[in-house]
Amino acid sequence: MKRKHKIYLGMTIFLLTIYIGLLAILCVSEYSDSTATIRSFKDAFWYSLVTLTTVGYGDLTPVTPLGQAVGVVFLLMSAGIMMTLFGAAVSFVTSEGLPLFLLGFQRHKSWYYFADCGVESSTLAANIHREEPDTVIIFGEKRDEQTEFPDYPCLFINASPARIVAHKKNIGPACKIFLMKENDIGTNTRAVDLHTLPVEVYARTTNGQDYLSGNIYFFHSYDCCARQYWHSKPLCSAETTIVIIGFGNYGHCILERAILTNIIAIDQHVAYHIFGGAAEFLAVHSHLHEAFSLGNVSETTDSLIFHEELWESNHALMSQADRIIICPDNEPEGWNIYWRLNSYYQVRGKIHLHSNRRTPGVTYFGTNEEIYTPNQIMRTALNKAAITINEIFCKAVSYPTKTWEELDAFHRESKIAAADHILMKIRVLLKDETITELTPEITQKAYLEYCRTKQSKEVHDMYRQLDHTRWLRFYTYYNWRYGPARNDIARQHPMLCPYENLTPEQKRERDAAWELLGSIAQELK
């Protein structure tokens with residue numbers, strides 16, 4: 001037993017002993033007087049209750065001097081008890097007592113705990129409540145009196161995640177915990193020992209890692225923004241020149257997603273012109289030249305041209321670009337670039353501006369409402385699709401494979417990248433570049449089209465080659481290279497070669513991501 005509990009128990013026993021002693025004195029002193037109304041221990045107990053609660057019926061009163069002295073003690077105690085009860089009631093209402101009490105009636109619901117109540121947390125909480133109205137939103141700190149109360153039901157409880165999880169008592173869905181400040185898991189004291197709790201933890205970070213261990217998952221607002229951008233504004237077949245201005249965190253992620261997902265034809269030749277410091281990026285991704293034309297525009301493959309000069313000096317390029325993406329990390333700087341482009345340059349293509357500000361007439365992307373959504377942060381649908389791809393892949397090959405739980409972080413990310421490309425595959429199958437969302441009807445239609453058209457060996461080979469190109473880009477981006485035998489430590493793989501050099505079994509492996517369409521259609525239904 002803890003020392004504090006021992007002290008409380010000792011004090012309780014001491015007070016009970018004094019109370020029973022006073023009742024005994026009152027009973028004995030009054031019993032000796034024939035005119036007294038308090039004649040038994042029961043009468044003494046009833047008198048004490050009436051006095052201590054300040055009811056004062058007057059049916060029993062002490063008449064002896066000693067009994068009246070005990071009565072004075074009870075009167076004084078009644079004032080203290082009432083003040084204590086009043087203070088306890090106020091404390092219960094103004095502290096965490098009442099919210100925790102109310103929370104106890106909602107244990108069967110889904111609980112989402114946010115360690116802070118900042119802008120990002122509030123936006124994600126609002127999106128969660130919009131998708132799942134019958135849920136409980138909990139902020140783990142007191143609300144600032146200067147901030148407005150959210151439009152959705154929520155509780156502000158200054159309590160640690162461990163206390164909230166314990167209060168749920170394993171009833172209903174497991175609680176989900178969010179640390180929305182960048183790299184919060186390393187600085188927030190509430191993050192201590194989160195890996196021991198039976199919950200899923202989502203922590204915002206900038207370190208480039210998506211998965212730590214056990215129940216802790218990282219997410220990046222920059223990566224979420226890039227995913228949302230290319231899903232809502234996908235690459236079109238008519239686009240051959242794309243300019244990216246600003247190569248900070250957002251620019252890196254937008255180019256990364258373009259490298260990994262913008263594959264829509266086996267003969268495409270899109271030139272990406274990037275303005276911003278790229279020395280570190282090129283030093284890290286040292287094998288990009290094996291999948292792209294670096295520095296020169298190619299007519300047979302995609303190109304990456306990193307410009308050291310100012311974008312302002314490239315008037316001809318700005319006028320020829322099919323798309324200009326403005327995405328410096330500093331948002332006011334982005335707006336400044338946008339106004340200068342519109343004021344002084346001839347631009348025939350689309351201008352897309354990264355901005356959290358909604359302005360009529362401006363094509364913007366990356367608002368908090370678009371980035372901080374359950375599907376972006378928890379990636380439930382994306383991870384489920386990746387798991388299904390791995391299951392289909394395991395059945396398609398003859399050599400030993402690993403289940404999703406056995407895969408390391410890199411190979412999990414490989415399957416996630418394949419799932420991320422599903423929207424592009426649907427657009428290719430249905431020859432419709434306006435599709436930006438997966439619906440049951442569209443996905444089923446695309447799967448039926450795949451089943452019909454793959455009967456042609458030429459078309460089937462085109463599908464496989466398209467996914468092989470995507471797969472090559474992913475491995476090349478992570479600095480893998482060709483080797484006669486697979487060696488994960490040396491980052492060598494025998495399939496890092498032209499599609500024509502693959503064996504029939506290796507070509508069949510590329511079917512898994514296309515076959516996934518059937519499973520997704522059933523899941524969406």
Side-chain angles (χ1 to χ4, degrees), residues 182 204-211 217-235 239 242-264 268 270-295 301-307 323-329 334 352 354 365-366 370-371 376-377 379 382-383 385-386 409-424 467 469-481 491 496 513:
E182 287 185 350
R204 184 179 171 201
T205 185
T206 58
N207 68 359
Q209 192 176 14
D210 286 331
Y211 179 74
Y217 302 86
F218 289 125
F219 68 90
H220 323 244
S221 56
Y222 314 113
D223 186 57
C224 291
C225 176
R227 271 195 166 93
Q228 180 272 332
Y229 173 75
W230 288 115
H231 272 254
S232 62
K233 299 171 177 61
L235 177 71
E239 294 180 302
I242 294 178
V243 173
I244 299 175
I245 301 177
F247 203 55
N249 290 314
Y250 287 107
H252 273 72
C253 288
I254 284 174
L255 180 62
E256 176 183 335
R257 287 295 122 203
I259 289 172
L260 301 181
T261 61
N262 283 357
I263 304 100
I264 58 177
Q268 71 181 47
V270 180
Y272 296 91
H273 294 264
I274 301 99
F275 290 88
E280 181 182 347
F281 179 85
L282 290 171
V284 172
H285 305 285
S286 57
H287 287 67
L288 285 175
H289 63 278
E290 297 179 9
F292 295 88
S293 171
L294 290 186
T301 187
D302 285 359
S303 311
L304 300 178
I305 298 96
F306 294 91
H307 296 264
R323 181 190 304 212
I324 300 176
I325 307 169
I326 304 173
C327 53
D329 289 348
H352 296 161
H354 170 250
F365 67 93
E370 294 170 327
I371 294 175
Q376 286 278 16
I377 304 304
R379 301 200 312 195
L382 188 62
N383 289 342
F410 170 78
H411 289 94
R412 285 190 180 190
E413 193 60 34
S414 173
K415 307 304 183 203
I416 290 172
D420 229 0
H421 190 248
I422 287 298
L423 183 63
M424 289 297 193
D467 196 65
T469 301
R470 179 206 59 76
W471 182 88
L472 275 174
R473 284 195 182 187
F474 178 84
Y475 274 75
T476 301
Y477 186 77
Y478 285 95
N479 296 330
W480 284 61
R481 54 194 173 85
R491 291 181 180 256
L496 285 166

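With a 4.5 Å cut-off on side-chain heavy atoms, Asp223 and Arg257 count as touching. Counting only heavy atoms from C-beta outward, the side chains of Ile263 and Met424 never approach each other to under 4.5 Å. Looking at His220 and Cys253, their side chains never come closer than 4.5 Å, going by heavy atoms from C-beta outward. Counting only heavy atoms from C-beta outward, the side chains of Asn383 and Tyr217 never approach each other to under 4.5 Å. Under the 4.5 Å side-chain criterion, counting only non-hydrogen atoms from C-beta, Leu472 is not in contact with Glu290.
Pairing each heavy atom of Ala386 with each of Ala419, the nearest pair is N-CB, 3.9 Å. Across all their heavy atoms, Ala271 and Ile305 have their closest contact at CB-CD1, 4.2 Å. Minimum heavy-atom separation, Gly246 to Cys327: O-SG, 3.5 Å. Residues Tyr250 and Pro328 approach most closely at CD1-O, 4.4 Å, considering heavy atoms. Of all non-hydrogen atoms in Ala513 and Ile422, the two that sit nearest each other are O-CD1, 3.4 Å. Tyr478 approaches Arg491 most closely through the heavy-atom pair O-NH1, 2.7 Å.
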How far apart are the C-alpha atoms of Arg473 and Asp302, what are their side-chain angles, what is the distance that settles it, and do they pass the side-chain contact (heavy atoms from CB on, under 4.5 Å) test? CA-CA 11 Å; Arg473 284 195 182 187; Asp302 285 359; 2.2 Å; yes
Apply the test side-chain contact (heavy atoms from CB on, under 4.5 Å) to residues Phe410 and Phe474: give CA-CA distance (whole Å), side-chain angles for both, the deciding distance (0.1 Å), then the verdict. CA-CA 10 Å; Phe410 170 78; Phe474 178 84; 3.5 Å; yes
Between Trp230 and Leu260, is a side-chain contact (heavy atoms from CB on, under 4.5 Å) present by the stated rule, with each step listed? CA-CA 11 Å; Trp230 288 115; Leu260 301 181; over 6 Å; no
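With no hydrogens or angles considered, a side-chain donor-acceptor pair links His231 and Asp420 at under 3.5 Å.
The aromatic rings of His289 and His287 lie parallel to each other, their planes meeting at an angle below 30°, with 60° marking the opposite boundary.
Note: Leu304 CG to Leu288 CG = 6.0 Å, rounded to the nearest 0.5 Å. The structure places CD1 of Ile371 at 5.0 Å from NE2 of His354, a figure rounded to the nearest 0.5 Å. Taking CD1 from Ile274 and CG from Leu255, the interatomic distance works out to 5.0 Å, rounded to the nearest 0.5 Å. A distance of 13.0 Å separates CD1 of Ile245 from NE2 of His352, quoted to the nearest 0.5 Å.
Distance alone, capped at 3.5 Å, is enough to place a donor-acceptor pair between the Ser232 side chain and the Tyr229 backbone. Using modelled atom types, no side-chain atom of His273 and backbone atom of His307 make a donor-acceptor pair closer than 3.5 Å. Under the 3.5 Å distance criterion, the side-chain polar atoms of Gln228 are left unmatched by any main-chain donor or acceptor of Cys224.
Tested against Tyr272, the residues Asn262, Ile259, Val243 include a single side chain to side chain contact (heavy atoms under 4.5 Å, CB included) partner, Asn262. No option in Tyr477, Phe247, Tyr222 other than Phe247 meets the ring pair (Phe, Tyr, Trp, His ring centres under 6.0 Å) test with His252.
For Arg470, the salt bridge (Lys or Arg N to Asp or Glu O under 4.0 Å) criterion is met by Asp467, not counting sequence neighbours.
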